[in-house]
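A quick write-up on the structure given underneath.
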Protein chains: 2
Amino acid sequence: MTNIKDLAKMAGVSVTTVSRVLNNHPYVREDKRNAVLEAINRSNYQPNINAVHLSTGKSFLVGVVVPYIDHPYFALLIKGMASEALENNYKLVLFQTNYLETREIEALQMLKQKQIDALIICSRKCSWSTIEAYLLYGPIILCEDTRGKRVSSTFVDHYKSFMIALEHLYQKGHRKIGYCIGRKSGTNSRQRELAFKDFVENYHLPYEPAYIFEHCTHFEDGEQVIERIQQMSNPPSALLVTSDEVAAGIVTCAQNRNISIPGDLALLGFNNQPIAKMMNITTIEIPLVDIGRKLFLQGINISKEAAYQEIPVTLIERETV
Amino acid sequence: MTNIKDLAKMAGVSVTTVSRVLNNHPYVREDKRNAVLEAINRSNYQPNINAVHLSTGKSFLVGVVVPYIDHPYFALLIKGMASEALENNYKLVLFQTNYLETREIEALQMLKQKQIDALIICSRKCSWSTIEAYLLYGPIILCEDTRGKRVSSTFVDHYKSFMIALEHLYQKGHRKIGYCIGRKSGTNSRQRELAFKDFVENYHLPYEPAYIFEHCTHFEDGEQVIERIQQMSNPPSALLVTSDEVAAGIVTCAQNRNISIPGDLALLGFNNQPIAKMMNITTIEIPLVDIGRKLFLQGINISKEAAYQEIPVTLIERETV
DNA sequence: TTGTACGCGTTATCAT
DNA sequence: ATGATAACGCGTACAA
């Protein structure tokens, strides 16, 4: 493999000059520049990126922490980040954690080791203090409300949006409301739980733990939701479903069992994924791809101050409520 | 940031000794080892990975080229690769290409620049000769039949599996058979097209181009398939659908329009994704996660010879044929 | 068993 | 405008 030393020799100049033309620096005479350029062509030279990284201390790599990638929510976030990464000549390094803290720490370590320039954590298991300890090694961006903390974030106010959804259901006459969620822990989930509790309290509705369905992440999880509802003596009349994917699964399963939607069960999804449009699912639109883009941009932004971008959501009325 | 030089000074040894304990090499006396270990603790030392990479010429990074990540087919492949990467202490660098050749070449370039140790191409736009030119810079693994070429691959014989599926439909009495596919170009798609043509020829069936539906990748694409079928005067009685996701979309849309499955239209999906099980879709099982694992392993395997792993598929009969 | 010294390929500093 | 040369941080012959 030819390196800049070889090029210098071939072009009859110094390595400095080679480096200058390579990086489009000024102060190099036209003829010398051409000589270098020609040497590059003749030699099919490729810079050794690792040497560049060592020398510059930058890697143009941004880490992305997600629990799973085969999940539309995260896939859409990544899609947004990937496209923005491309724009800015960065690459994405993927950390699929399955919510294992050790793997999250691995990602944090890579930041510390300078193998990545920034780390975007889309969802996490680890505590806030764990993250805090790594803050001095590089930008860490979160996809949750971090106002008051010294970290940038792009997020939706899940308390607020859950409340909007719940109020909508209430206005439509529903009093027995439940919700489906991926996992109960997690910052965003706790926000939603809080909203739910406040809601039932405000409207003097009973708080019914059986109306909360955990482990709802994929389409096929809709089946168990329907099954459990069918076994209830006093089932909910409406469900908030934190992913349209799951809502679609519920709709499908309900159809097979002659459960009328929204007659027997009203459904309000989240994200406004394409599947929601096709299946006419009422939903809260969350621009995930756009959030992904913004997260990435925050990651490579060198401003010292933490920025908090709240993304507004909108209710899209269709036919499942 | 402290480096091994500092550690050496602190521990009163040479950098070599420090490097030895860092990399668990033999030939270092216990007391010196402890001295180094203690220095590491006191200093919260972190190795600069980029320096390691430059020195060793390895990066423990493997590139993955996919057209889209928000697609279950690729998401499942990546899932498999990610888990195997974790096992082996590698990280994945994602290239989302949207089937743009320039982006594929970028990935190839990173291999040439040694920023990644290997490149796995899950699906491509670029020509074989383009890839061939980069073969000398590191392992390139493909997810398509490469027998006869000097590249390793893990693949399913799409000709064969398409034929299995077609024969099954034929045995069930179908004579007007069509199929849905993501894109018509691409090695795998052409294999399937070939199978389809051979099939209709063997059984003296008419070749009906209108029975081939392109751009079928997501759940919601099922809608347009149904729409087009409904407009046909002589519609197909059975469809091969190269993704269960799409098959599920077709089923859902068909239900809404009172089209009986399999009565009016038989459906045979591919992959055996969880959604297929839930919706009772007859399908060809393709172990995508497993294929992802094997692709990754081939990437980091240093054997000089190309290996070709054909993955067998199995027909799973359910209720849509 | 240990340490010196050099190589990895590039960028940056500074003198010319 | 140009070129030595010193970092960058680590691994590793080779000598001791």
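Owing to the predicted nature of the structure, the values given are computational and were not obtained by experimental measurement. Within every chain, numbering begins at 1; the chains are lettered A, B, ... in the order of the sequence lines, protein sequences first and strands thereafter.
Side chain to side chain, Arg124(B) and Thr187(B) meet the donor-acceptor criterion of an N or O pair below 3.5 Å. Looking only at atom types and distance, the side chain of Thr130(B) has a donor-acceptor partner in the side chain of Ser127(B) under 3.5 Å away. Side chains of Gln109(A) and Tyr134(A): a donor on one and an acceptor on the other come within 3.5 Å.
Here CE of Met110(A) is found 9.0 Å from CG of Leu119(A). Values are rounded to the nearest 0.5 Å. The distance from atom CG of Leu61(A) to atom CG of Leu111(A), rounded to the nearest 0.5 Å, is 11.5 Å.
Axis angle across the helix from dT1(C)-dA16(D) to dT16(C)-dA1(D), with five pairs used at each end and values rounded to 10°: 40°.
A salt bridge does not link Arg103(B) with Glu106(B): every distance from a Lys NZ or Arg NE/NH1/NH2 to an Asp or Glu carboxylate oxygen is 4.0 Å or more. We find that Lys294(A) and Glu84(A) are not joined by a salt bridge, their nearest charged nitrogen and carboxylate oxygen being 4.0 Å or further apart.
When rounded to the nearest whole Å, the span between NE2 of His53(A) and P of dC10(D) equals 17 Å. Rounding to whole angstrom units, NZ of residue Lys9(B) and P of dT2(C) are separated by 20 Å. Leu7(A) places its CG atom 11 Å from the P atom of dT11(C), with the value rounded to the nearest Å. Straight-line distance from the CG atom of Asp6(A) to the P atom of dG9(C): 9 Å, rounded to whole Å. If you measure from atom NZ of Lys5(B) to atom P of dT12(D), you get 18 Å, rounded to the nearest angstrom. Going from atom CG of Asn48(B) over to atom C1' of dG11(D) covers 13 Å, rounded to whole Å. Taking atom CD of residue Gln46(B) and atom C1' of nucleotide dC10(D), one finds them 14 Å apart after rounding to whole Å. When rounded to the nearest whole Å, the span between CG of Leu22(B) and P of dG3(C) equals 15 Å.
Interface remark: the Ser55(B) side chain does form a donor-acceptor pair with the dG7(C) base, using a distance-only criterion of under 3.5 Å.
Contact check for Ile300(B) versus Asp117(B): no side-chain heavy atoms found under the 4.5 Å cut-off. Glu132(A) is not listed as a side-chain neighbour of Lys149(A), based on a closest heavy-atom distance of 4.5 Å or more.
A 6.0 Å sphere centred on CZ of Arg150(A) holds no more than 12 heavy atoms belonging to other residues, nucleotides or ligands.
Look at Ser14(A) and you won't find any side-chain N or O under 4.0 angstrom from OP1 or OP2 of dT2(D). Phosphate contact (OP1/OP2 of dC8(C), side-chain N/O of Asn3(A), threshold under 4.0 Å): absent.
Within the nucleic acid shown, Asn50(B) has no heavy atom closer than 4.0 Å to any nucleic acid atom. Among the atoms of the strands shown, only primed sugar atoms or phosphate atoms (P, OP1, OP2) are found under 4.0 Å from some heavy atom of Thr17(A).
Listed candidates were dT11(C), dA12(C), dT12(D). Nearest to the side chain of Thr16(A) is dA12(C). Side-chain proximity of Arg20(B) to the nucleotides dT10(C), dG3(C), dA5(C) is greatest for dG3(C).
Below 30°, between 30° and 60°, or above 60°: for Tyr99(A) and Tyr68(A) the angle between ring planes is above 60°, a perpendicular geometry.
Judged by distance alone, the side chain of Ser19(B) and the main-chain N or O of Val15(B) form no donor-acceptor pair under 3.5 Å.
Projected onto DNA chain C by closest heavy-atom contact, Leu54(B) and Val13(B) fall at different nucleotides, the more 5' of which corresponds to Val13(B). Between Gly12(B) and Ile49(A), the one whose closest nucleotide on DNA chain C sits nearer the 5' end is Gly12(B).
At a non-hydrogen distance threshold of 4.0 Å, nothing from residues 108-119 of chain B comes into contact with DNA chain C. For the segment residues 25-34 of chain B, residues with any heavy atom less than 4.0 angstrom from an atom of DNA chain C are, sorted by number, Tyr27(B), Val28(B), Arg29(B), Lys32(B).
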